[in-house]
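Beneath this line is the structure, given in structure tokens, with notes to follow.
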Number of protein chains: 2
Amino acid sequence: MNGPEELRMTPARRAILEALEATHCHPTADELHDSLRKSLPRVSLGTVYRNLEVMSRHRLIRTVEGAGGQRRYDAVLAPHHHIRCVRCGRVDDVEPADLSWLEGKLKEESGYDVLGHVLVFEGICPACSAAEGGKEEGGDNGAQGNEN
Amino acid sequence: MNGPEELRMTPARRAILEALEATHCHPTADELHDSLRKSLPRVSLGTVYRNLEVMSRHRLIRTVEGAGGQRRYDAVLAPHHHIRCVRCGRVDDVEPADLSWLEGKLKEESGYDVLGHVLVFEGICPACSAAEGGKEEGGDNGAQGNEN
DNA sequence: ATAACTGCAAAACGTTTGCGTGTAT
DNA sequence: ATACACGCAAACGTTTTGCAGTTAT
């Protein structure tokens, strides 16, 4: 009904897009806000959220789903997956795997009209592995909300 | 260091566990709270959250990860996946698929110590498919926060 | 000219926590 | 008897929203 409304290219949007394209770190809205402030000191967090939402709706960027706590964003539009470190929260990219056969199977089993899937691996990143090293092995430290 | 502390079976906990086992709907904390109130009118939402957290830590239940907005809970401990309706938010169970080969491959590629993965399909459930029927085809209605 | 965008601040939302009381063990 | 759990309400972190002024088209 309402076709994609006009999308203006404003300084804030350009900056968000550039910041997102310049990193593979899948930043959160407030990380983005912090880094944008260097060039646009008056940009507000609300604007960052608003633009991330709009640009994501227009498929200029993507939101990283299932990445744990805060919402994260990604400028890589090509299909791929993610792996999240359960210790430090870091999110890295993972080569896409072809799971379309699974979707087909599922379509029959469930009656759903299957549109896609989200696949997020969980693990411990090399840095955290090294840090934990031989320190402890069975400890349930539960820390998983931190930032990179 | 701190072994699993004693876990008392209180009326609230029993009720939460029973409610969770009685449904496959993966309720949110406040849905659970609403339904608990029928039998325990004075139970508080804070208690529901506290108990879901404790019981999940003790592996009596699981939290459904990557299911979109609100956190959802599941009494089915056996490995399986989920499919979420992007129209109404409903979450259903999906047969487990063996993706361990993928985890192995990933372990070498990424350097991560891979612990597991979360796989959530997205689609349109039969009910919503029927409701939308032939109404519209390209509409971007964006509604996806509703409850079943 | 005008619809889209912005900063700001307040509100909304889901979740967690502190505190004093109650209860399962 | 005592550690654990509770209800309540306030606090928290994240995200959304209303409004009045600004800017890209």
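Everything numeric here is computed off the predicted structure, so don't read it as measured data. Hydrogens, waters and symmetry mates play no part in the numbers below; they use all other heavy atoms, side chains included. Order of the sequence lines fixes the chain letters, A, B, ..., with proteins taken first and strands second; residue numbering starts at 1 for each chain.
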Does the side chain of B:Arg71 get closer than 4.0 angstrom to OP1 or OP2 of C:dT16 through an N or O atom? yes
Which whole-number value in Å describes the distance from [X] [atom1] to [N] [atom2]?
X       : N      : atom1 : atom2 : result
A:His33 : C:dG7  : NE2   : C1'   : 10 Å
A:Arg42 : C:dT6  : CZ    : P     : 14 Å
B:Gln70 : D:dT14 : CD    : C1'   : 14 Å
A:Leu45 : D:dG13 : CG    : P     : 14 Å
B:Glu31 : C:dG14 : CD    : P     : 11 Å
A:Leu52 : D:dT15 : CG    : P     : 10 Å
B:Leu32 : C:dG14 : CG    : C1'   : 15 Å
A:Ile16 : C:dT6  : CD1   : C1'   : 12 Å

Tell me what A:Asn51 touches on the nucleic acid: a base, only sugar-phosphate, or nothing, going by heavy atoms under 4.0 Å. sugar-phosphate
What is the nucleic acid contact for B:Ala29, judged by heavy atoms within less than 4.0 Å: base, sugar-phosphate only, or nothing? nothing
Of the non-hydrogen atoms in A:His82 and A:His80, which two are nearest, and what is the gap between them?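 Of all heavy-atom pairs spanning A:His82 and A:His80, the closest is NE2-NE2, 3.2 Å.
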Carefully, step by step, assess A:His26 and A:Asp93 under the rule side-chain hydrogen bond (donor to acceptor under 3.5 Å, both in side chains). CA-CA 9 Å; A:His26 314 288; A:Asp93 290 320; 3.1 Å; yes
Pairwise distance [atom1]([X]) to [atom2]([Y]) - rounded to 0.5 angstrom:
X       : Y       : atom1 : atom2 : result
B:Thr47 : B:Arg13 : OG1   : CZ    : 9.0 Å
A:Ile61 : A:Tyr73 : CD1   : OH    : 7.0 Å
A:Asp74 : A:Glu65 : CG    : CD    : 11.0 Å

Work out how much the helix from C:dA1-D:dT25 to C:dT25-D:dA1 bends between its end axes, five pairs an end, to the nearest 10 degrees. 40°
State, with a plain yes or no, whether a side-chain heavy atom of A:Thr28 is found less than 4.5 Å away from one of A:Arg71. no
Got a salt bridge between B:Glu109 and B:Lys105, using NZ or NE/NH1/NH2 to carboxylate O under 4.0 Å? yes
Less than 4.0 angstrom from a charged side-chain N to a carboxylate O is my criterion; do B:Asp92 and B:Arg90 meet it?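 Salt bridge between B:Asp92 and B:Arg90, a charged N being under 4.0 Å from a carboxylate O: yes.
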List every contact pair, protein side and nucleotides 17-25 of chain C side both N or O, where the distance is under 3.5 Å.
unit_1, atom_1, unit_2, atom_2, d
C:dG18, O6, B:Arg50, NH1, 3.2

Picking from B:Val43, B:Ile16, B:Leu60, B:Leu32, what satisfies side chain to side chain contact (heavy atoms under 4.5 Å, CB included) with B:Asn51?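 So the option named by the test is B:Ile16.
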